[in-house]
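Report on the following structure.
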Amino acid sequence: MSTIKPYLRLSGLEPLIVRPETNFINVGERTNVTGSKKFARLIRENKYEEALSVARQQVENGAQILDVNMDDALLDGVVAMTTFINLVQSEPDIAKIPIMLDSSKFQIIEAGLKCVQGKCIVNSISMKEGEAKFIEQAIICQSYGASVIVMAFDEKGQADTKERKIEICHRAYKILTEQVGYDPQDIIFDPNIFAVATGIEEHNNYSVDFIEATKEIKRLMPLTKVSGGVSNMSFSFRGNDHVREAMHSVFLYYAIKAGMDMGIVNAGQLVVYDEIEPKLREMCEDVILNHKNDNNEATERLINFAETVKAKGKEIVKDDKWRNTTVEERLKHSLVNGITDFIDADTEEARQKYPKPLDVIEGPLMDGMNVVGDLFGSGKMFLPQVVKSARVMKKSVAVLTPFIEAEKELRRQAHITAGTVNEEGAGAAKILLATVKGDVHDIGKNIVGVVLGCNGYDIIDLGVMVATDKILDTAIREKVDIIGLSGLITPSLDEMVHVAHEMKRRGMKLPLLIGGATTSRMHTAVKIAPQYDEGVVHVLDASRSVTVAGSLLSNEQKPDFLKTINTEYLKLKEDFANKKSAKQYLSVEAAQKNKVKIDWNNFTPVAPTFIGTKIFNDFPLEDLEKYIDWQPFFIAWELHGKFPQILSDEKVGSEATKLYNDAQLLLKQIIKEKWLQPKGVIGFWKANSNGKDTVTINNNSSLINLEFLRQQIKKVATQPNISLADFIMPAETNKEDYIGAFSVTIDGIEPHIKKFEAAYDDYNKIILQALADRFAEAFAEALHEKTRKEYWAYATDEHLTNEELIKEEYLGIRPAPGYPACPDHTEKYKLFDLLGGKEATGITLTESLAMFPASSVCGWYFANPESKYFGVGKIEKDQVEDYAKRKNMPLNEIERWLRPVLEYDA
């Protein structure tokens with residue numbers, strides 16, 4: 001029987017396993033009343049449903065754990081924690097990640113423990129009130145299955161020296177493991193990070209003490225984790241982001257090597273260590289490592305330097321000394337820094353130096369890409385830099401390719417003359433990537449392909465909407481080593497199950513990788529892995545793909561790797577099958593009775609300025625720029641953080657700024673040369689609800705029923721079970737209400753994509769794709785604003801900033817079919833029929849109901865001031881049966897479309 005490895009294992013609806021190769025864990029801090037004014041205001045005003053949007057944003061921004069803190073003198077912390085955690089559990093898109101229950105009052109933590117699902121972290125417990133209290137609290141945490149953060153704090157106070165940190169942590173460890181029975185891997189120590197460079201000599205060794213203590217803690221207690229609040233260390237330089245970025249990077253460089261596992265640094269972001277100017281890096285190291293610091297000399301040097309930076313800002317000095325090095329070093333420098341200026345000449349010089357052109361690829365180019373791979377794997381390089389490196393690599397290979405092909409032809413002719421067989425070498429391992437049938441989204445897949453290509457793999461990218469037979473036939477014909485599937489929309493999950501089933505039927509032996517925004521480890525374990533026995537692995541993001549591919553292609557590592565994966569997936573599958581949900585659900589009839597209460601007698605709907613549709617064939621692209629929400633642009637590049645703060649964040653601020661500047665240059669060219677054409681349509685119709693979940697539209701005397709779903713989970717008192725139909729006036733009032741719809745697309749991208757592909761420029765290709773997506777969302781935002789102020793005119797005096805628009809602080813909503821408030825994609829058929837079909841905008845629907853072009857958005861317009869965004873969450877079979885009957889669709893077909901929200905296993 002397999003042994004479960006002693007990793008820190010956390011979970012929400014999905015597991016988070018902290019393995020040795022795991023990088024920093026990002027903890028979302030904004031659901032904290034002491035750290036977010038917006039969240040605190042919403043909680044104080046009892047607007048818990050709205051407060052969920054803060055949590056959802058944290059998850060969307062890449063948080064792997066959600067910190068929840070209700071420590072506020074004006075709040076009943078126990079009630080607030082209980083209410084909010086219960087609501088979080090009813091939102092699968094939030095509840096999928098583990099929760100960190102954060103409070104200085106243990107009764108609030110205990111309240112959270114009573115209602116949180118999965119395996120959470122308690123933040124924190126300590127021995128400041130003595131051992132008895134510490135043991136009592138630890139036993140309670142353990143009884144709920146929680147991991148604990150232990151502060152280095154005892155009866156004498158906080159630990160401020162190496163010896164005290166080690167002493168307190170080791171003492172706590174022995175108590176937890178020997179008396180309480182805690183598993184070592186469930187213990188996380190916070191040995192206290194304090195400010196250095198304060199001018200007080202006693203503070204100078206604080207960072208050294210933390211780093212040295214971390215080494216000893218990991219030696220004495222190797223299965224435990226170490227965490228800390230890194231920004232505390234640079235507090236003396238607050239207001240000087242440039243110096244703080246460098247200090248955090250230097251500190252973490254040494255702390256991570258010492259064994260630090262987690263750290264909250266502005267959502268875990270810092271500048272690239274190797275890019276800090278040498279003089280500043282040396283001064284930071286002197287301060288942090290307490291070198292050359294007699295009489296605070298190192299501190300004074302850094303303070304003086306900080307003043308010059310504050311006065312002058314960041315200076316960019318071009319240094320061309322690297323051009324005087326060997327051709328091998330020049331190629332490596334170009335690859336690591338993404339410089340294409342000299343690549344043609346340097347590649348030609350290397351070709352003439354080496355016996356064969358292939359030697360250049362297998363020698364200096366792969367040496368350079370190995371450095372890129374190492375830097376990326378260790379968190380010192382970020383995705384935009386890796387994609388730039390790939391551009392350099394492709395351009396260099398393009399220079400060499402004609403010579404390689406010419407050599408192959410000479411060898412072929414020689415074999416013909418000699419009458420012998422020509423057997424070329426096997427070459428690099430081949431990985432086939434494809435977006436499955438019915439899905440048109442491929443930015444994430446393209447990024448994974450670039451990252452894997454940078455690590456020496458031969459990538460065969462079949463593109464989007466690829467049928468199963470084509471994927472498998474190509475894999476067999478090209479003798480690939482791994483197949484990777486991608487998908488964004490929920491129907492793609494079933495298509496992936498089908499691909500796995502067909503691989504088994506054909507007797508294939510290749511590992512199968514699963515990725516994409518809609519996929520999850522749980523779904524892979526429960527639905528896909530059982531269909532195929534030769535290795536199915538869910539890959540969370542591009543940075544993990546390299547490690548996974550390497551493990552699967554290593555004869556030594558593959559058996560143990562797959563054994564571990566299979567054990568984990570079997571456990572997930574068993575947990576899913578045996579899950580006895582603690583949640584309570586209402587019958588569909590009871591949920592409908594608990595609908596949103598609106599005083600219809602005193603409400604008069606605003607009539608739109610027209611009934612029918614209005615088409616926008618060539619909306620000015622330049623008018624959309626101000627509506628762009630840049631945050632998802634950075635998320636596409638796996639750079640997580642709020643915009644514009646991300647541009648000055650500690651970890652990725654430098655690279656995010658470069659990416660943003662490059663995007664701005666391309667954006668201006670797109671607008672000036674009219675590369676892209678926005679096309680859209682809006683429409684309004686008279687409508688009434690039936691008082692339940694059906695809205696009937698009168699379209700030129702033809703009645704069309706829109707069917708919606710309702711939240712079914714049992715809510716706390718006064719909280720309704722919401723359906724979008726609640727926001728449309730019931731027919732029984734004998735008053736007319738209205739509903740709207742829209743669809744927008746960005747046309748014209750293909751020739752420019754082909755141009756970048758021909759130039760081996762993945763970097764600008766991916767920027768262009770991401771910008772097209774941003775333009776589509778901006779167009780949807782712009783039309784919604786015009787709808788509110790002009791075309792429906794129910795908010796004519798609205799004056800919102802772009803930030804307020806992004807935060808959805810307007811009246812009314814524009815929910816999209818297939819998303820949380822209306823998760824059924826099949827309602828898109830009605831939406832597009834009402835708007836005039838393909839003729840209106842050129843948008844077509846695939847068989848999985850993805851929109852093509854991929855940069856397209858659609859949705860409904862609701863104007864009622866009570867309307868708000870929400871998630872339907874999980875639903876029971878009685879509602880699904882009612883829904884299938886209303887839509888006149890077979891139950892098994894509607895279950896296929898709704899599978900992600902089903903509470904039962906269909």
Side-chain angles (χ1 to χ4, degrees), residues 12 26-61 63 65-118 120-124 144 146 149 229 264 266-267 583 594 596-597 642 645 711 713-722 803-804 806-811 813 820-821 865-871 873:
N26 290 330
V27 180
E29 291 188 290
R30 307 312 294 168
T31 44
N32 183 326
V33 293
T34 65
S36 168
K37 290 181 180 178
K38 177 182 177 181
F39 184 73
R41 175 178 58 79
L42 292 171
I43 296 297
R44 288 191 201 110
E45 294 174 0
N46 208 32
K47 294 180 178 177
Y48 285 95
E49 292 272 1
E50 290 183 46
L52 288 173
S53 67
V54 178
R56 184 173 289 105
Q57 187 179 51
Q58 291 289 282
V59 178
E60 290 169 353
N61 288 351
I65 297 172
L66 192 68
D67 180 275
V68 180
N69 181 299
M70 296 294 179
D71 287 0
D72 187 299
L74 300 177
L75 285 176
D76 183 331
V78 169
V79 171
M81 181 68 82
T82 302
T83 304
F84 187 71
I85 293 295
N86 274 325
L87 286 172
V88 165
Q89 309 309 297
S90 68
E91 301 289 337
D93 53 335
I94 304 172
K96 66 182 181 180
I97 69 171
I99 300 293
M100 180 181 285
L101 298 170
D102 183 355
S103 181
S104 58
K105 300 173 184 176
F106 194 75
Q107 67 266 33
I108 297 178
I109 286 176
E110 193 169 2
L113 286 169
K114 290 175 181 176
C115 50
V116 73
Q117 65 186 358
C120 69
I121 297 176
V122 164
N123 185 14
S124 60
Y144 287 99
I149 292 179
I264 299 169
N266 252 0
K583 301 174 193 171
N594 190 39
V596 178
K597 304 297 190 291
K642 287 191 71 175
Q645 292 91 325
Q711 293 176 331
I713 192 167
K714 187 175 181 180
K715 300 289 194 77
V716 294
T718 75
Q719 296 287 344
N721 291 80
I722 310 172
E803 185 177 352
E804 290 168 330
I806 290 168
K807 291 179 178 177
E808 299 165 352
E809 294 181 4
Y810 43 72
L811 277 179
I813 55 175
E866 297 291 323
S867 62
K868 61 181 179 179
Y869 294 105
F870 64 95

Legend entry - Those residues that, when tested against Lys868, pass side chain to side chain donor-acceptor pair (under 3.5 Å) (two or more places apart):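 Applying side chain to side chain donor-acceptor pair (under 3.5 Å) to Lys868 gives none.
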Heavy-atom closest pair, residues [X] and [Y]:
X	Y	answer
Phe39	Asn69	CE2-O, 4.3 Å
Ile99	Ile65	C-CG2, 4.2 Å
Met70	Val68	CE-CG1, 4.1 Å
Leu66	Ala55	CD2-CB, 3.7 Å
Ile109	Asn123	CD1-O, 4.1 Å
Val122	Ala146	CG2-CB, 4.0 Å

Legend entry - Pairwise side-chain contact, Ile121 with Pro98, heavy-atom cut-off 4.5 Å (strictly under):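 Counting from C-beta outward, Ile121 and Pro98 never come under 4.5 Å.
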What residues, two or more places apart in sequence or in another chain, satisfy side-chain contact (heavy atoms from CB on, under 4.5 Å) together with [X]?
X	result
Pro720	Val596, Ile722
Glu50	Leu42, Lys47
Ser124	Ile149, Met151
Arg41	Lys38, Glu45

Distance in Å, [X] [atom1] paired with [Y] [atom2], rounded so as to fall on 0.5 Å steps:
X	Y	atom1	atom2	result
Phe870	Gln711	CZ	CD	6.0 Å
Ile813	Glu866	CD1	CD	11.5 Å
Cys120	Ile97	SG	CD1	12.5 Å
Arg56	Thr31	CZ	OG1	12.5 Å
Asp67	Asn32	CG	CG	5.5 Å

Could you tabulate the donor-acceptor pairs under 3.5 Å formed by side-chain atoms of residues 78-89, not counting sequence neighbours?
| residue | atom | partner | partner atom | Å |
| --- | --- | --- | --- | --- |
| Thr82 | OG1 | Val78 | O | 2.8 |
| Thr83 | OG1 | Val79 | O | 2.8 |
| Asn86 | ND2 | Thr82 | O | 3.2 |
| Gln89 | OE1 | Gln117 | N | 3.2 |
| Gln89 | OE1 | Gln117 | NE2 | 3.2 |
| Gln89 | NE2 | Ile85 | O | 3.1 |

Inset, instruction - Check step by step if side chain to side chain contact (heavy atoms under 4.5 Å, CB included) holds for Asp71 and Ile108. - result: CA-CA 8 Å; Asp71 287 0; Ile108 297 178; 3.5 Å; yes
